[in-house]
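A quick write-up on the structure given underneath.
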Protein chains: 2
Amino acid sequence: MKLSTKGRYGLRALIDLALYSEEEAVSIQSISNRQNISVSYLEQLVAKLRKAGLVQSVRGANGGYRLAKPSDEISVGDILRALEGNLDAVTCSGNQEHSTCEGADLCVTRFVWQRINESITQAVDTMMLSQLVEESRELRDKGQICNQKCEN
Amino acid sequence: MKLSTKGRYGLRALIDLALYSEEEAVSIQSISNRQNISVSYLEQLVAKLRKAGLVQSVRGANGGYRLAKPSDEISVGDILRALEGNLDAVTCSGNQEHSTCEGADLCVTRFVWQRINESITQAVDTMMLSQLVEESRELRDKGQICNQKCEN
DNA sequence: GTAATTCCGACTGTTTTACTCGGATTTCTC
DNA sequence: GAGAAATCCGAGTAAAACAGTCGGAATTAC
């Protein structure tokens, strides 16, 4: 029931990327320096974000990444799902037609998993990257940007 | 970000227990028969529920378990936390005083984890075992009790 | 005394996590 | 064209978590 480092680091990385990619593409190396995450691990994370269509890459020297669409069109849910896969706490196979869970709609616990899943979905899909970026910018301007010891 | 079988099986087991323990204590063997979960694994799960004060044991022959308190005083959150531990998707150490996350309240992502955690907490703590038992009873009386193929 | 039961800790195979590493490819700059 | 700075990609690996099983001790009804 825990979010892995993929989701935690990946969200930090993408906020960083959004924050610094206005003028030029942001390299993985520079994210690594600021966020204290290894270059090789970041490569993996950013690859997932790219495959999900959240960032675009610019290859070659002076290359890097930038957002593939405006930050107010990217939800935290989009980001976490790209990194972690399905966020459902329990993936009840009952949504498909002929699933293994034949009495799906009769399953009492199913009601429970659905409510949990819905509440998570609702939470992550209503938070937008733009909000986080804005908040980050405010803190940065006040000189209060989160230091490196924070690992979440 | 998934609930393990501990939480999934354990909730099913406790609903079953609540449903059948009105007259006499329910043995692990009988839960196993109805719910199709191995006796040895159930022992582990029920031990957790007992240590959390949700069920009481009756030792010896004809022994078994019953609820330690009324089913409307036991929330799904109580049950899942007993089985899975803390349900927070990210356990930000920042709640303690001198945590390793010094800039805790400045951490932008922290805001995200908090919202996710709160939404999960809200969902699980407002669902009561009594509701689930009632719903189960209705289905059972209609002869529609979930068959064994449902594994959630 | 015996059978039914809870209680308990140790053990084990499998899967997932959290990474690292080596090298191929692309592109800018000189 | 050479070299450096990047992305891109797949494979590998140690450690942890998961999903159980197993053997046996303790308790109690009959």
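Protein chains get the first letters and strands the later ones, always in sequence-line order, with residue 1 at the start of each. Here the structure is a predicted model, which is why all the values come from computation and not from measurement.
Donor-acceptor pairing under 3.5 Å, judged by distance alone, is present between the side chain of Gln44(B) and the base of dT21(D). The base of dT6(C) is not paired with the side chain of Gln29(B) by any donor and acceptor separated by under 3.5 Å.
The nearest whole Å value for the distance from the CG atom in Leu83(A) to the C1' atom in dT17(C) is 14 Å. We find that CG of Leu45(A) is positioned 15 Å from C1' of dC9(D), with the value rounded to whole Å. Atom NZ in Lys2(A) sits about 18 Å away from atom P in dA16(D), given to the nearest Å. Distance, Ile31(B) CD1 to dT5(C) P: 12 Å, rounded to whole Å. Atom CE of Met1(A) and atom P of dA19(D) are 14 Å apart (whole Å). Rounding to whole angstrom units, OH of residue Tyr41(B) and P of dT12(C) are separated by 19 Å. Atom CZ of Arg50(B) is separated from atom P of dT5(C) by 17 Å (rounded to the nearest Å). Atom pair Lys6(B):NZ and dT21(D):P shows a separation of 14 Å (rounding to whole Å applied).
Ser40(B) has no side-chain polar atom (N or O) that falls below the 4.0 Å cut-off from OP1 or OP2 of dG20(D). Phosphate contact (OP1/OP2 of dA6(D), side-chain N/O of Tyr65(A), threshold under 4.0 Å): absent. Of the side-chain N and O atoms in Ser57(A), one or more sit less than 4.0 angstrom from OP1 or OP2 of dC8(D). Residue Thr5(A) places at least one side-chain N or O closer than 4.0 Å to OP1 or OP2 of dA18(C). Remark: Ser4(B) is not in phosphate contact with dA17(D), judged by side-chain N or O atoms under 4.0 Å from OP1 or OP2.
In this structure, the nucleotide among dA18(C), dC7(C), dT21(D) sitting nearest to the side chain of Ser38(B) is dT21(D). Side-chain proximity of Ser27(B) to dT21(D), dC8(D), dT5(C): nearest is dT5(C). Set against dT17(C), dG22(C), dT20(C), the side chain of Glu43(A) has dG22(C) as its closest nucleotide.
Residues Glu24(B) and Asn62(B) are not in side-chain contact: their nearest non-hydrogen atoms beyond the backbone lie 4.5 Å or more apart. At least one side-chain heavy atom of Leu132(B) sits under 4.5 Å from a side-chain heavy atom of Leu11(B). Taking 4.5 Å as the limit, some side-chain heavy atom of Ile116(B) sits within range of a side-chain heavy atom of Ile120(B).
Atom CD of Glu73(B) has more than 12 heavy atoms from other residues, nucleotides or ligands within 6.0 Å. At most 12 heavy atoms of other shown residues, nucleotides or ligands fall within 6.0 angstrom of atom CD in Glu134(A).
Summary of the strand contacts: Val39(A) and Asn62(B) both lie near DNA chain C, and taking for each the nucleotide with the nearest heavy atom, the more 5' one is attributed to Asn62(B). Each of Leu3(B) and Ile28(A) was assigned the nucleotide of DNA chain D with the nearest heavy atom; the assignment lying further toward the 5' end belongs to Ile28(A).
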Between the protein and nucleotides 24-26 of chain C, which nitrogen or oxygen pairs come in under 3.5 angstrom?
residue: dT25(C); atom: O2; partner: Arg59(A); partner atom: NH2; Å: 3.1

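Between the side chain of Arg81(B) and the main chain of Leu87(B), no donor-acceptor pair closer than 3.5 Å is present. A donor-acceptor contact shorter than 3.5 Å is absent between the side chain of Thr109(A) and the backbone of Val112(A).
Side-chain atoms of Ser75(B) and Asp78(B) include a donor-acceptor pair closer than 3.5 Å.
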